[in-house]
Structure formats: structure tokens, C-alpha cells
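Lettering of chains follows the sequences in order, A, B, ..., and the numbering in each one begins at 1.
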Number of protein chains: 2
Amino acid sequence: MDERAALGLIGDALPAAGDDCAIVGSTVVTTDMLHETTDFPPGTTRYTAGWRSVGASLSDVAAMGAEATAAVAVYAAPSFEESELRAFLRGAREVCETTGARYVGGDLDSHEEFTVATTALGETDAPVSRSGATPGEAVCVTGTLGRSAGGFRLFETDPERANELFRFEPRVATGRAVAPHASAMMDSSDGLARSLHQLAEAADCGFAIESDRLPVHESVAEVAADDADARELALHFGEDFELVFTTPEPERVRETSPIPVAVVGEVTETSVEMDGEPLPDRGYTH
Amino acid sequence: MDERAALGLIGDALPAAGDDCAIVGSTVVTTDMLHETTDFPPGTTRYTAGWRSVGASLSDVAAMGAEATAAVAVYAAPSFEESELRAFLRGAREVCETTGARYVGGDLDSHEEFTVATTALGETDAPVSRSGATPGEAVCVTGTLGRSAGGFRLFETDPERANELFRFEPRVATGRAVAPHASAMMDSSDGLARSLHQLAEAADCGFAIESDRLPVHESVAEVAADDADARELALHFGEDFELVFTTPEPERVRETSPIPVAVVGEVTETSVEMDGEPLPDRGYTH
């Protein structure tokens, strides 16, 4: 079975799973695994790897509208180089600091391929699920889309900038500010298009997106071969770890949010479309 | 640097780490990664793998004297076979049920080698650290030693029994019962000898162990080549996930504990010895 079918099986078997985080009382918990071959392009520093892998889990906490409290990681590698390990720990700690969470440790493991498993914890009495979108509401995106795609393409020519683009800021503070006004929320780790399809499926609704409202990261224009490629990078590449959410009061959200929020379209009865055309349900194929 | 030096580096960088679990308020959290080549011998079923990997993290929660609340896992494999995934989930859920924790989900990941990353959460207002042993106290072990070693050797001849031996019961209820009386506690995942050295280092003390008091699992005699081998399996093989702890009141502990507790020796001023001879600081080399 493919990964989506397998995830469906897990969702059926475990009602507590299936959102960005599992909920245990007022605690939310999420776990991820990242690998050198699939997640860290050549040139990714261990500092960036620590930042990004722990950040990915903190992003899931943000998507629940929760306060981030703590994170742990398993660092698995063929050997343990002191400078690499220190850099990883610094990245992990610093990304936690941007969110107010504590990086409290983890474990080491000998493994052929550099692999990181991270877990983040959060607290909230009112988690925002993926399933509350209602037709007529606005659909919003925090920050910009395509930042990771831009970074990914820049590793060969400008690794320093690529690493910088890969060190995103998890939207924990924004998630907290948005949560009271959001009817549904998730992060854009699989790309905006895939996120919209997942939100649509969870609430049995549709979306009408306007392409000229998409907040595309400046690096996309630099690295894209043409307009079609740019569109691919902004909509489908994913891994931007921005928040995608629906709200009946987009103006209130924009007043409250500490970072820019773009209204990119609205919730409809059925079908996920952009500029009147179906938006393919496709993400993270790199 | 080797894994121990690297763990020392993490311990220095992160004061919250360095015990079986990190402590975040009243929550304890622990994470582990297990791999097919190092942790699951040929013949290990996915049911056993789910049980054992989640159980290893629950054992760390037990070692803090905490109540186990929840666990998550990342299941990484080259492909997702429905029957294997279901068996894994069942094992993960059932081992949680033995402890009162909820298995709340996790993630899937495509990866060349079957790899599992697990995280468990617990709650306690009075965590038991590794550092409180005082000379004159008793040192105790729950259950038996060598069960995993026996299982490991039986995979070729009797895989069903080997799998059964690999599905240990995390000592959460015992940890809760023992905690009010324990001055120091950890689990025996690296073997009794290594655990004693770690407890001795943490409290700057020693131990005097008597070999005839060791509660050795019955399978060890079946699989061991000779007495020296049996001793190796019971003391150094590890992965038994029993609790090793020190206490000033061993009789109270034995009355309270839901499972047998063996007093195997006492805390001394210096040097870890068995039957008057130094006990090598060596573990988990299989």
C-alpha cells in the first residue's frame, strides 16, 4: 500500500492520530523522522539539520494552536563528530528558543544514513483541528510559500543562503494568535495544494483560490525555470511549514497575527480550485 | 568520538537530559530509535517490533517512577505492507495497554532499513533520578536478567518463543510502587553491569554484588554455552528493561512491588564489584 493509504489505516486504527499532533489531555505531541537522502540536500549543515528537523515538529505544534513546551531528538549517524553534534544541538536549541520551547535532549544512535527523529510537545485547552472549514470563510496562509523550494535549488550555487532559507521559523506565536479565530488549521509541510485537499476532505468542502493572492517567496523567481515551474514550487514543493487555516474573520486575524497573513481565497461547497481550474492534489514529490 | 563521549557532550549541553527521561514540569519524555540490523534479529515479527520499540520507551518512563500516559512512533520501512503495519500497531497498542498508557499515533516514513523511532510520555511530581544512591543501601533488580539474551539466541531454533521473550512487560506499575522508597533508579537496557556503573558514577559510590543473588531468566541456562557465557548474558547483554534501583528499605519495597524484586547486593563507598572482584563496565555489544 502507498504511504497515504497506510496513513489512512493508522488514522482508522487510532482515532487520536490523524491531525498535525495527537492530543493527550491538554498536551499535544507529534513526531517526525528526517533522512539525509530525502530531507537534507548535500551542503546542509548539521546546524541547519538540527534547526529544521526540530522545527518541523514545532510546526505541527503550531498548527494545533498550542504553546510549544519541549522537544527531543534522536541523532543517528555513522559516526559522532564533536563539531557536527555540537552544531546540531545548537540548531535544535535555537529553533526551540524562537518558539519558547525547551530543547530537553534525546538520544544517539549508530546508523548508516544520517537520520533524525524529533518529537515536540505543546499545551492547549482548545486545539484547532483540520476539520472545521465552513463555506464562505476565508482561507489564509502565513508568511510565504516556496521558501524551502528556493533553498533546495540554491544548495549548489549558494549553500550559505540555501541553509539560511532552510532554517524557517516555526509559526508557534502566530498559531497561538490565530487559533481563537480559526475554524480549521494545519501546516503546509506537504505544500499548499495538498494542505487544501486535506482540509477539504476533513470538512467535506471545497476551496476557491486566486493565484495572484499567493504570497510567493522572493527566491522562487530566482530559481524557477519558467512560470509553470514557479507555480510548481509555490504550490506543490511544500516543506515551508507555514500555517494554512480558515476563518470567518480574516481582518481580526490580520490585526492579531505577529506576521503577515495572506487571504488567498475562500471556502466553497465542493472542489479545490485555483482561478476556476481544479488544483491537483499533489505534493512533496522531490 | 564514541557514543559514550557523545552522550556526555549532550549531557553537558543539556542539563535536562542525562537521565532515562527528560523532565518538563511534571511531564517526563523519552525517545529512542531502533533498527532492523541492530535491534530486530531475523524472525522478529512486526507485532514484536511494535511491542518492543514502544516498550523500550515506556521502560524509561518506568525508570523515573512516573505514570505512563502516552506513546507515539515513527514507522520507517522500504514499503508499507498492510499486514505488517497492522501487526506493528497492535503490538504498540498492546504494550501501552499493559501500562495504562495510550498509543496515540505517529508517522510513516519511507526508509531503506526498517527503523522505528518511539517517544513515550509520563507524569510524576517526584521523579527518581540516577544519582541518589547512598552507601549501606540495598541494590535491587525487578524480574529477571537475561530474558532478551535468551530470546536473541532462540530466534533461529524457536522463533515463536524468541518473539515471546522479546515482548517484555515495561515495569511501569512496579516503578510507581518502588519510587517512594527508591533513592536512585534506572532501567537495565544496557545490562546490569553497565547500569551499576552508571548509578555509581552518578552518585560517586560503589556496589558490592553477590552473583548467587542474581535473578537469572530460565532461558539463559538453555542457550548459554558454559558458565562464563551465562554470566555474560545475564550481566552484560542487556535489553531486559528491568528496573535497577537502590533503597534504604528493601523489605518495604518487596511488600509493595507487584512483581518479584531481588536484593542483589549493597551500595558501597567506591568500586563496582561482584563477589569481591571488579565488575567490568561493559554492556550491549551484540
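Comparing A:Leu89, A:Val72, A:Leu108, A:Thr118 by heavy-atom pairs within less than 4.5 Å of chain B, the highest count is held by A:Leu108. When each of B:Thr69, B:Leu121, B:Leu34, B:Thr30 is checked for heavy-atom pairs under 4.5 Å with chain A, B:Leu121 comes out on top.
Residue A:Asp2 qualifies as enclosed at atom CG: its count of foreign heavy atoms under 6.0 Å is above 12. With a 6.0 Å radius and a threshold of 12 heavy atoms from other residues, nucleotides or ligands, B:Glu201 has its CD atom at or below the threshold.
Residue A:Glu112 does not touch chain B at all, counting heavy-atom pairs closer than 4.5 Å. Using a 4.5 Å cut-off between heavy atoms, B:Ser79 makes no contact with chain A at all. Heavy-atom distances place both the backbone and the side chain of B:Ala6 under 4.5 Å from chain A. Residue contact with chain A, scored on non-hydrogen atoms closer than 4.5 Å, involves the backbone of B:Ala73 exclusively. In this structure, chain A has no heavy atom under 4.5 Å from any part of B:Arg90. In this structure, chain B has heavy atoms under 4.5 Å from both the backbone and the side chain of A:Ser110.
Under the 30°/60° scheme for interplanar angles, the aromatic rings of A:His111 and B:His35 are found to lie parallel.
Rounding to the nearest 0.5 angstrom, the gap separating the CE atom in A:Met1 from the OG atom in B:Ser83 is 9.5 Å. Here the OG1 atom belonging to B:Thr38 is positioned 6.0 Å from the CG atom belonging to A:Asp109, to the nearest 0.5 angstrom.
The shortest distance between side-chain heavy atoms of B:Val104 and A:Val29 falls below 4.5 Å. Inter-residue side-chain proximity for B:Asp107 and A:Met33 is flagged as unmet; no heavy-atom pair is nearer than 4.5 Å.
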